[in-house]
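If you're wondering where the values come from, they're calculated on a predicted model, not measured in any experiment.
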Amino acid sequence: MRQNLVIANWKLNGSMDLIAEFAQGWDTLVSANTDAVLCPPAVFLAAAKDKYPKLVFGAQTSSAYHEGAYTGELAASMLRTVGAQYVLVGHSERRAIFGETNQVVADKIVAAQEADLIPVLCVGETADERNEQRTEQVILQQLEEGLANADLTRLVIAYEPVWAIGTGLTASPEQAQEIHKLIRGWVAQKNATVAEQIQLLYGGSVKPANAAELFQQADIDGGLIGGASLKLEQFQAICMAAQEI
């Protein structure tokens, strides 16, 4: 039985006060069958891990480089040192705004795994790609190229249809399940045992109102949550939906 996982991606939001609020309610977010991870801005990681050691943290991105003259970059090993256990890689905003290609994503995943971080690979299609019926092609290419050199036993994959991120639109449970099944099938072609164990998350306007129906799908093991993760009550409700599966 796979453990459910719910990740809060705060993006360019949050504060130590918000982390403190989540720390007070942490026991409601996790259970015997559900884990929770907070991904605040990286500047808060060290202080937050020191003050709230029971919380599980992730970073929102990390560098493909280990060290050197790369102004502004943060190495995966540095993030691991200050308390991160997970790192998001290839989020659509990183791809679209910062130009990260599948090759960059692949390099970042290798660097993260070498630093003992668990990468959360984000894949997803745009509205145009879905309308052109290229969803499967896009997802499979992102998997093949992004995971070319990855250790699939130390990895989470999150499907986030780009057209559903921050738009209020959400893939139907059936649409989400179809792509999660595709992803698990791709992993099974590489290693059937790993395919049964790997956690696949859905992201894209997940809210308390739709979380349970999404998480009930056979191949969805939790969620990567954006806007709804900035309010403890909403994130609690989403975690509880996972706990009840």
Side-chain angles (χ1 to χ4, degrees), residues 5 7 9 39 58-66 68 70 73-77 79 84 86-165 171 175-204 219-224 226:
L5 177 64
I7 301 177
N9 178 17
C39 294
Q60 297 175 19
T61 187
S62 61
S63 179
Y65 302 108
H66 298 284
Y70 304 107
E73 288 286 86
L74 294 173
S77 58
L79 294 165
Y86 292 78
V87 61
L88 308 182
V89 182
H91 191 282
S92 64
E93 291 161 1
R94 299 294 311 178
R95 295 176 188 263
I97 300 172
F98 299 99
E100 293 187 3
T101 64
N102 287 335
Q103 183 59 60
V104 170
V105 168
D107 293 342
K108 287 189 170 194
I109 286 176
V110 170
Q113 290 185 330
E114 288 176 347
D116 199 29
L117 286 177
I118 299 172
V120 181
L121 170 65
C122 302
V123 299
E125 81 283 11
T126 65
D128 286 344
E129 289 164 343
R130 174 165 280 273
N131 291 336
E132 294 165 2
Q133 299 185 337
R134 294 196 295 121
T135 296
E136 290 192 10
Q137 173 191 343
V138 169
I139 300 300
L140 292 175
Q141 184 174 5
Q142 289 173 339
L143 293 171
E144 285 286 353
E145 296 181 6
L147 297 176
N149 301 305
D151 178 354
L152 297 180
T153 67
R154 297 187 296 125
L155 179 76
V156 175
I157 301 175
Y159 169 55
E160 290 197 308
V162 180
W163 49 269
I165 299 175
Q175 288 174 320
Q177 167 58 21
E178 179 183 13
I179 302 303
H180 282 73
K181 183 178 180 180
L182 174 74
I183 294 170
R184 201 175 299 281
W186 179 88
V187 177
Q189 291 178 350
K190 309 294 182 182
N191 187 311
T193 300
V194 172
E196 288 300 314
Q197 299 170 347
I198 194 168
Q199 293 165 310
L200 304 183
L201 311 183
Y202 174 76
D219 291 299
I220 300 180
D221 306 312
L224 176 56

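Within the model, atoms CD of Gln197 and CZ of Arg184 stand 10.5 Å from one another, a figure rounded to the nearest 0.5 Å. Rounded to the nearest 0.5 Å, atoms CD (Glu125) and CZ (Arg134) are 10.5 Å apart. Interatomic distance, CD of Gln60 versus CD of Glu93, reported as 9.0 Å (0.5 Å rounding). With values rounded to the nearest 0.5 angstrom, Ile157 atom CD1 is found 10.5 Å from Ile139 atom CD1.
Ring orientation note: the planes of Tyr65 and Tyr70 are close to parallel, at an angle under 30° on the 30°/60° scale.
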Take Gln113 and Leu155 through the test side chain to side chain contact (heavy atoms under 4.5 Å, CB included) and record every step on the way to the result.
CA-CA 9 Å; Gln113 290 185 330; Leu155 179 76; 4.3 Å; yes
Dump the intermediate steps for side chain to side chain contact (heavy atoms under 4.5 Å, CB included) on Leu182 and Glu178, then the final yes or no.
CA-CA 6 Å; Leu182 174 74; Glu178 179 183 13; over 6 Å; no
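Residues forming a side-chain hydrogen bond (donor to acceptor under 3.5 Å, both in side chains) with Gln141 (at least two apart in sequence, or on another chain): Glu145. In terms of the side chain to side chain contact (heavy atoms under 4.5 Å, CB included) criterion, residue partners of Ala115 (sequence neighbours excluded) are, by chain and number, Ala76, Ser77.
Side-chain contact check for Asn102 and Gln142: no donor-acceptor pair (N or O, by modelled atom type) lies under 3.5 Å. The closest side-chain donor-acceptor pair between Trp186 and Glu144 falls under 3.5 angstrom.
Minimum interatomic distance between Val194 and Leu152 (heavy atoms only, all atoms of both residues): CG1-O, 3.5 Å. Looking at every heavy atom in both residues, Gly90 comes nearest to Val105 through CA-CG2, 3.7 Å.
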